[in-house]
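The first residue of the sequence shown is numbered 1, and numbering continues consecutively from there. We count ligands from 1, going down the list as the structure has it; atoms in each ligand are counted the same way. FYI, side chains are in, hydrogens and waters are out, and symmetry mates aren't considered; it's all heavy atoms of this structure.
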Amino acid sequence: MPELILTRHGQSLWNAENRFTGWVDVPLSERGRAEATIASCKLREHRVDVCYTSLLFRAMETAVICLTECDDICGGKTPIFKHDANDPNWHGWDHYNVDLKKELPIFPTPALDERYYGDLQGLNKTETAEKFGVEQVQRWRRSFDVRPPGGESLEDTMRRSVPYFKTRILTHIKQGENVLISAHGNSLRAILMYLDDLSSEEVVKLELATGVPIVYELDRTAKVLDKEILDK
Ligand SMILES: O=C(O)[C@@H](CO)OP(=O)(O)O
C-alpha cells in the first residue's frame with residue numbers, strides 16, 4: 001500500500017530563539033540538522049518515490065537530509081529538485097540524467113509554505129504573550145480561523161495547502177507511489193486536519209514536533225488505513 005510521510009522541518013535558528021517565523025527564510029540550527037538526520041535513520045525501512053517541500057530553506061534542508069543521510073530511502077535513485085512545481089513533467093536544466101527512472105523528483109511549492117505570521121514575524125513569543133496576554137497569543141497561534149495581525153489564519157493556510165495536496169500530491173498515492181512531504185507546523189496541521197478529519201475545535205490541540213516523521217498508509221483511493229508517529 002502507498003505511504004505518505006509528513007515531516008515538519010527540524011528545529012530552525014528562530015525556533016531555538018522562540019521567535020515567530022512564518023515566511024521568514026530561516027535555516028536549520030545544528031540541532032535541526034541532527035533531528036533531520038535522525039528522521040532519515042528512522043525512515044531507513046521506508047521507500048520514497050517523490051518528495052514535496054515548501055519554498056522555505058528549512059523545509060528543503062530537511063527534505064535533502066532525510067533523502068540523502070540514509071539514502072536507502074531513495075531506493076538507488078538520485079533526488080533532484082524540479083523548479084517548476086506546477087508542471088509534474090517539467091524537465092528543465094535539472095535534467096542531466098538520461099534515465100528518468102533514476103530520478104527522485106523534489107517539487108518545491110509555495111502551497112506548503114508556513115502560515116504567514118504578518119506583524120508577529122521576528123517577535124519573541126514569550127514577550128508577545130506578556131504584551132498581549134497568553135490567551136490572545138494562543139488564539140493567534142492555534143485557533144482555526146483567527147488571523148494574527150496582518151497574517152494568515154490556519155483556515156487561510158488550509159485554503160492553499162489542502163487543494164494542492166488533494167489535486168497534486170494524492171495523485172501519486174493513487175498511482176501507488178510513496179510520497180515524502182517536508183513542510184511546516186501550520187501547513188502540516190492543515191493537511192492533518194484534512195487527513196484525520198479533525199474539527200476546528202480539535203485542531204487547536206494539535207502540536208507537531210520538529211523533525212518527527214508521521215507515516216500514513218493509504219489505499220489507492222487515498223483512504224487512510226494506518227498512521228504511525230515515529231517519535232521514539
Ligand atoms: O513561528 C512559526 O512560524 C510557527 C512554527 O514555528 O510558530 P507556531 O508554533 O506559533 O505555529
Side-chain angles (χ1 to χ4, degrees), residues 5-36 38-39 52-63 65-66 108-162 164-165 181-196 198-214 229 231:
I5 303 167
L6 309 179
T7 304
R8 183 180 171 202
H9 62 81
Q11 184 201 59
S12 74
L13 291 172
W14 278 15
N15 291 143
E17 290 176 17
N18 199 27
R19 289 162 78 171
F20 289 100
T21 312
W23 287 358
V24 184
D25 207 351
V26 181
L28 295 183
S29 64
E30 201 176 320
R31 180 177 138 189
R33 286 196 296 276
E35 287 173 346
I38 293 166
Y52 284 82
T53 80
S54 75
L55 295 187
L56 295 162
F57 186 52
R58 55 193 184 274
M60 292 186 184
E61 266 186 296
T62 301
I65 293 172
C66 277
T109 169
L112 295 174
D113 281 351
E114 181 53 295
R115 159 244 291 275
Y116 179 54
Y117 246 129
D119 299 344
L120 300 186
Q121 290 187 168
L123 301 183
N124 179 280
K125 291 176 184 175
T126 308
E127 287 167 14
T128 308
E130 280 159 12
K131 185 167 173 194
F132 295 97
V134 174
E135 278 176 21
Q136 178 59 68
V137 170
Q138 190 61 11
R139 263 195 297 279
W140 285 335
R141 291 183 66 187
R142 288 293 171 265
S143 65
F144 179 61
D145 53 7
V146 177
R147 293 189 175 110
E152 285 182 318
S153 63
L154 181 64
E155 187 177 19
D156 296 328
T157 309
M158 192 172 193
R159 279 209 197 98
R160 60 180 162 82
S161 59
V162 170
Y164 187 88
F165 174 75
I181 300 179
S182 174
H184 304 267
N186 294 293
S187 52
L188 290 176
R189 282 173 73 229
I191 290 172
L192 260 85
M193 191 176 173
Y194 168 75
L195 282 170
D196 294 353
L198 300 179
S199 68
S200 49
E201 288 79 34
E202 287 168 324
V203 80
V204 170
K205 296 181 218 101
L206 180 62
E207 295 284 346
L208 301 184
T210 50
V212 173
I214 304 171
I229 302 175
D231 55 357

Visitor: Side-chain atoms of residues 24-34: list all donor-acceptor pairs with protein atoms under 3.5 Å, sequence neighbours left out, distances to 0.1 Å.
Guide:
from  : atom 1 : to    : atom 2 : distance (Å)
Asp25 : OD1    : Phe57 : N      : 2.7
Ser29 : OG     : Gln11 : O      : 3.2
Ser29 : OG     : Gln11 : OE1    : 2.5
Ser29 : OG     : Arg31 : N      : 3.4
Ser29 : OG     : Gly32 : N      : 3.0
Arg31 : NE     : Glu35 : OE2    : 3.1
Arg31 : NH2    : Glu35 : OE2    : 3.3

Visitor: Salt bridge or not between Arg58 and Glu114? Use side-chain N to carboxylate O under 4.0 Å.
Guide: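 The answer is no: the pair does not qualify as a salt bridge.
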Visitor: Hey, is Gln121 one of the residues with a heavy atom under 4.0 angstrom from ligand 1?
Guide: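 Per 4.0 Å heavy-atom rule, Gln121 does not contact ligand 1.
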Visitor: Which residue and atom name correspond to the protein heavy atom nearest atom 5 (C) of ligand 1, and how close is it?
Guide: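 For atom 5 (C) of ligand 1, the nearest protein heavy atom comes out as Glu114 OE2, 3.3 Å.
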Visitor: Heavy-atom pairs closer than 4.0 Å: do any link ligand 1 to the side chain of Arg8, the backbone, both, or neither?
Guide: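 Just the side chain.
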Visitor: Are Glu155 and Arg147 ion-paired here, with the side-chain N under 4.0 Å from a carboxylate O?
Guide: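 Looking at Arg147 together with Glu155, the answer is no, because their closest N to O distance does not fall below 4.0 Å.
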Visitor: I'd like to check which ligand 1 atoms, numbered from 1 as shown, lie under 4.0 Å from a non-hydrogen atom of Asn15.
Guide: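 So the answer, numbered in order with elements, is 6 (O).
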Visitor: Hey, what's the ring geometry for Tyr116 with Trp23, parallel, tilted or perpendicular (30° and 60° as the breaks)?
Guide: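 Answer is tilted, since the angle falls between 30° and 60°.
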Visitor: Please enumerate all residues that pass ring pair (Phe, Tyr, Trp, His ring centres under 6.0 Å) together with Phe132, with sequence neighbours excluded.
Guide: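 Scan of Phe132 (ring pair (Phe, Tyr, Trp, His ring centres under 6.0 Å), adjacent residues dropped) gives Trp140.
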Visitor: Heavy-atom pairs closer than 4.0 Å: do any link ligand 1 to the side chain of Lys125, the backbone, both, or neither?
Guide: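 Side chain only; the backbone of Lys125 stays clear of ligand 1.
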Visitor: Quick test of your reading of the structure: of Tyr117, Trp14, Tyr116, Phe20, whose heavy atom lies closest to atom 8 (P) of ligand 1?
Guide: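 Heavy atom nearest to atom 8 (P) of ligand 1 belongs to Tyr117.
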Visitor: Of the protein's non-hydrogen atoms, which lies at the shortest distance from atom 11 (O) of ligand 1, and what is that distance?
Guide: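 Checking every protein heavy atom, the shortest distance to atom 11 (O) of ligand 1 gives Asn186 ND2, 2.8 Å.
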Visitor: In terms of residue, atom name and distance, what is the protein heavy atom nearest to atom 1 (O) of ligand 1?
Guide: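 Sorting protein heavy atoms by distance from atom 1 (O) of ligand 1 puts Thr21 N, 2.8 Å first.
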Visitor: Can a non-hydrogen atom of Arg58 be found less than 4.0 Å from any atom of ligand 1?
Guide: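 So Arg58 does not count as touching ligand 1.
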Visitor: Between His184 and ligand 1, which residue portion shows a heavy-atom distance shorter than 4.0 Å: side chain, backbone, both, or neither?
Guide: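 It is neither; nothing of His184 touches ligand 1.
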Visitor: Going by the order shown, which atoms of ligand 1 are within less than 4.0 Å of some heavy atom of Arg142?
Guide: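 The list of qualifying atoms is 8 (P), 9 (O), 10 (O), 11 (O).
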